[in-house]
J.: 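Just passing along the structure, written as structure tokens.
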Number of protein chains: 2
Amino acid sequence: MEISYSILPKLFCYKYATILTMDIHGLKVFASVFKNKSFTKAAEEIHLSQPTISDHIKALEEELDCKLFDRLGRTVIPTKEAEALYSLAEEIIEKATNVKDIIGQLKKELKGELTIGASTIPGTYLMPSLMAAFQKKYPSVSFQIFISDSKEIAEKVLKHELLLGVIGMKLSNEQIHHIPFIEDELIAVASPHSIKTSIMTLRDFIKFPMVLREEGSGTRRELERILENRGITLEDVKIAGIFGSTDAVKQAVKAGLGTSILSEYAVIDELKHNILKEIKLSDIQMGRKFYFITHKKRTLPFLYNTFLQHIKAIKTDSKNI
Amino acid sequence: MEISYSILPKLFCYKYATILTMDIHGLKVFASVFKNKSFTKAAEEIHLSQPTISDHIKALEEELDCKLFDRLGRTVIPTKEAEALYSLAEEIIEKATNVKDIIGQLKKELKGELTIGASTIPGTYLMPSLMAAFQKKYPSVSFQIFISDSKEIAEKVLKHELLLGVIGMKLSNEQIHHIPFIEDELIAVASPHSIKTSIMTLRDFIKFPMVLREEGSGTRRELERILENRGITLEDVKIAGIFGSTDAVKQAVKAGLGTSILSEYAVIDELKHNILKEIKLSDIQMGRKFYFITHKKRTLPFLYNTFLQHIKAIKTDSKNI
DNA sequence: AAGTCAAATAGATAATTTCTATAATAAATC
DNA sequence: GATTTATTATAGAAATTATCTATTTGACTT
């Protein structure tokens with residue numbers, strides 16, 4: 001393997017050292033002369049002057065070092081070499097003509113895989129239904145959702161490992177483009193058995209031991225921000241446990257390990273079935289936003305842009321309802 | 001069919017009206033940037049300056065109306081469109097690079113069909129052994145010998161229906177290139193039973209009725225030329241019959257219809273077996289030459305030139321023996 | 001031999017390619 | 001956070017190339 005590695009650059013060098021004057025335009029001129037058996041007719045067809053055609057053929061003849069046409073006064077007759085060149089030239093011209101079409105089509109193509117990095121809440125509770133709706137509209141689209149915490153998603157977007165992310169916080173990085181997505185309400189929850197009161201102040205609530213997400217989490221960060229606004233730090237809070245997933249936190253709260261403050265999307269089912277109990281905080285509203293994030297320097301494939309427009313449309317629709 | 005005929009010119013028009021600026025050089029620049037993930041490295045590889053690379057990429061981006069690379073400071077990342085373009089570009093570059101090789105190889109190719117127009121004598125009595133020798137040397141060569149009279153062979157060469165001919169006379173046409181081939185002796189023959197003497201003068205010989213070839217024939221023309229030199233026209237000769245082939249003339253002579261003057265190559269076997277008898281003409285030597293003929297304006301494929309050189313070599317060899 | 005048709009040549013102009021030098025920008029380092 | 005470094009973009013100039021028109025050359029036709 002090491003040998004082939006060291007030889008490779010030389011091969012490239014060789015390949016590019018070969019001066020290839022031949023261009024597609026010249027081949028088109030040749031093909032036209034070949035088909036018309038006339039320089040003048042080719043000139044009319046390609047809308048160039050006859051001397052220009054002569055020039056092109058001369059250049060090709062010099063480059064290939066062989067006569068391509070026998071000029072016999074009224075007609076020209078292609079040589080054996082010209083016959084061979086014609087089929088090759090047609091292939092090249094066709095391929096080159098296709099390029100524009102293929103790229104043009106690609107620019108409008110609504111199929112392929114949409115890879116999105118998502119933090120826990122959007123990845124687990126929001127993306128699935130979005131994916132379903134989008135895929136219904138564009139059946140040839142498949143999704144790959146990479147779930148991690150907000151910090152890692154942001155890093156991957158910055159390192160160009162991901163083109164698109166959804167996270168629960170706004171970043172200060174100038175390179176990141178934020179597209180507001182959806183509002184989320186953070187809700188204080190406890191086990192139904194552990195706390196009887198269903199309304200209290202934030203300061204009262206944090207007297208109970210709490211179960212939290214780990215540090216990179218958007219939910220955790222949002223919580224810290226809210227407490228900080230009230231002059232409270234996490235050091236004032238009695239932490240009963242830290243878990244790496246929202247589900248684990250929910251299990252811990254259910255088991256009575258402590259209270260928590262979680263996304264409404266994460267606990268909507270548990271509240272409905274009385275597995276968890278909402279503690280209304282009388283003095284605070286804990287809203288936060290989710291954002292789609294992209295790197296400002298990256299060009300998004302059409303499919304990704306369409307997806308983002310779809311999201312924007314949904315947002316507008318739901319606002320109007 | 002008429003419909004497709006009338007539509008055809010429009011299609012050509014459309015095809016060539018599409019302005020296709022894209023050239024192979026530009027694609028090579030693109031491919032290098034794509035592989036190196038760098039404009040600067042591509043510049044080194046192709047031995048162009050970095051701004052030139054920038055220009056080429058810009059031109060391609062404008063023509064295809066899409067961004068090809070996201071420029072991110074230290075690296076560039078190809079877009080989805082660039083990925084697609086790369087595979088297409090490599091195909092085109094490879095084909096274009098092949099052209100030179102393929103044409104180059106064709107120029108030295110010693111295979112294929114060698115079509116030669118030959119008049120009766122060379123086509124029947126000289127070409128077969130030549131063909132055999134040449135094919136032994138170059139086994140991938142096949143022959144097609146078109147036999148007709150000298151006049152028609154010459155016409156076909158002039159009308160570009162044949163690239164190469166062998167005939168028994170020199171033409172006055174300026175367009176024809178003559179390559180001397182082999183000497184032939186015309187021999188006066190008769191049926192062994194009809195004439196007892198085996199030597200006489202030309203004037204005595206033409207007192208006997210003669211059997212001749214048709215007018216276009218080289219042998220006939222040669223005979224006329226010889227007679228003319230002696231102040232004799234064909235009107236002085238009693239013509240017993242005119243036949244369209246040398247074989248027919250021979251049969252007629254054998255049958256005692258008359259005498260004839262024929263190529264030594266045509267009667268060599270008959271003389272050996274005493275089917276025909278040579279009448280030595282004491283006062284004349286009737287030599288003539290055969291020539292390979294080509295049109296001066298036509299380019300001969302390499303195979304044809306090789307064949308002619310082979311012929312020339314044989315001539316030199318046989319002279320030296 | 002004159003007329004006609006087709007390609008080649010010459011000379012001029014416009015377009016393009018490419019260069020060097022420099023600016024702008026982003027990442028890495030201190 | 002300022003500085004250095006690496007990379008692409010821009011500007012302006014020079015060289016090359018593509019193209020044109022007008023004319024010449026060459027060959028077939030009459």
Side-chain angles (χ1 to χ4, degrees), chain A residues 19-30 32-34 36-63 67-78 82 155 158-160 172-176 295-299, chain B residues 19-30 32-34 36-63 67-79 82 155 158-160 173-176 295-299:
Chain A
I19 300 135
L20 198 113
T21 314
M22 175 167 35
D23 63 351
I24 292 162
H25 184 210
L27 291 179
K28 289 211 295 190
V29 169
F30 163 78
S32 179
V33 172
F34 187 92
N36 289 299
K37 305 270 175 280
S38 155
F39 286 49
T40 306
K41 291 210 187 79
E44 282 161 19
E45 183 172 282
I46 322 187
H47 304 296
L48 287 173
S49 72
Q50 170 267 311
T52 304
I53 306 293
S54 290
D55 264 3
H56 278 290
I57 298 301
K58 198 176 163 193
L60 253 183
E61 287 183 330
E62 273 163 18
E63 180 169 8
K67 217 173 178 196
L68 291 171
F69 296 101
D70 286 329
R71 285 79 156 173
L72 312 147
R74 295 280 147 130
T75 42
V76 290
I77 299 184
E155 265 169 22
L158 279 167
K159 284 198 286 181
H160 309 295
S172 52
N173 195 308
E174 262 299 302
Q175 304 286 17
I176 294 293
H295 194 290
K296 275 185 182 166
K297 291 286 172 67
R298 295 305 301 279
T299 307
Chain B
I19 300 136
L20 197 114
T21 315
M22 179 166 33
D23 63 351
I24 291 162
H25 184 209
L27 290 179
K28 287 211 295 188
V29 169
F30 164 77
S32 179
V33 172
F34 186 93
N36 288 299
K37 305 271 176 280
S38 157
F39 286 49
T40 306
K41 291 209 186 80
E44 282 161 21
E45 183 170 283
I46 320 186
H47 304 295
L48 287 173
S49 72
Q50 168 266 312
T52 304
I53 306 293
S54 290
D55 265 3
H56 278 290
I57 299 301
K58 198 175 161 191
L60 253 183
E61 286 183 331
E62 272 163 19
E63 181 171 9
K67 218 175 179 193
L68 290 172
F69 296 102
D70 286 329
R71 286 79 155 169
L72 312 147
R74 295 280 146 131
T75 43
V76 291
I77 299 184
T79 63
E155 265 170 20
L158 279 166
K159 283 199 283 178
H160 309 294
N173 195 306
E174 260 301 301
Q175 303 285 16
I176 295 292
H295 194 291
K296 276 186 181 164
K297 292 286 173 69
R298 295 303 302 278
T299 306

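So that the names make sense, note that chain A is the first sequence line, chain B the second, and so on, each numbered from 1.
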J.: Within this structure, what is the NZ-to-P distance between B/K58 and C/dT18, rounded to whole angstrom?
T.: 15 Å
J.: With sequence neighbours left out, write down each residue that passes side-chain hydrogen bond (donor to acceptor under 3.5 Å, both in side chains) with A/S54, or none if nothing qualifies.
T.: A/Q50
J.: With sequence neighbours excluded, tell me which residues meet salt bridge (Lys or Arg N to Asp or Glu O under 4.0 Å) with A/E62.
T.: none
J.: May I ask you to test the B/V29-B/H25 pair for a side-chain heavy-atom distance under 4.5 Å?
T.: yes
J.: Where along nucleotides 19-30 of chain C does protein come under 4.0 Å, by heavy atom, of base (B) or sugar-phosphate alone (S), with - for untouched nucleotides?
T.: BBB----BBS--
J.: Name all residues meeting the side chain to side chain contact (heavy atoms under 4.5 Å, CB included) criterion together with B/K296; count only those two or more places apart in sequence or in a different chain, and write none if there are none.
T.: B/E174, B/H177
J.: Taking side chain to side chain contact (heavy atoms under 4.5 Å, CB included) as the definition, give me every residue that meets it alongside A/Q175, ordered by chain and number, with sequence neighbours left out.
T.: A/L158, A/N173, A/H295, A/K297
J.: Rounded to the Å, how far apart are B/I57 CD1 and C/dT17 C1'?
T.: 15 Å
J.: With sequence neighbours left out, write down each residue that passes side-chain hydrogen bond (donor to acceptor under 3.5 Å, both in side chains) with B/S38, or none if nothing qualifies.
T.: none
J.: Tell me every residue that passes side-chain hydrogen bond (donor to acceptor under 3.5 Å, both in side chains) with A/T75, counting only those two or more places apart in sequence or in another chain.
T.: none
J.: Report yes if a side-chain nitrogen or oxygen of A/T40 is closer than 4.0 Å to either non-bridging phosphate oxygen (OP1 or OP2) of C/dA7; otherwise report no.
T.: yes
J.: Once side chain to side chain contact (heavy atoms under 4.5 Å, CB included) is applied, do any residues pair with A/P78, and if so which ones, sequence neighbours excluded?
T.: A/F34, A/K37, A/F69, A/A82, A/E83
J.: Indicate whether OP1 or OP2 belonging to C/dA8 is found under 4.0 Å from a side-chain N or O atom of A/S54.
T.: yes
J.: Tell me the interatomic distance from B/E44, atom CD, to C/dT18, atom C1', rounded to whole angstroms.
T.: 17 Å
J.: Scan A/S38 against the nucleic acid and name what it touches under 4.0 Å (heavy atoms): base, sugar-phosphate only, or nothing.
T.: sugar-phosphate
J.: Return the value, rounded to whole Å, for the distance between atom NE2 of A/H25 and atom P of C/dA15.
T.: 15 Å
J.: Can you give me the first and the last nucleotide of DNA chain D (5' to 3') that has an atom within less than 4.0 angstrom of a non-hydrogen atom in chain A?
T.: D/dT19 to D/dC28
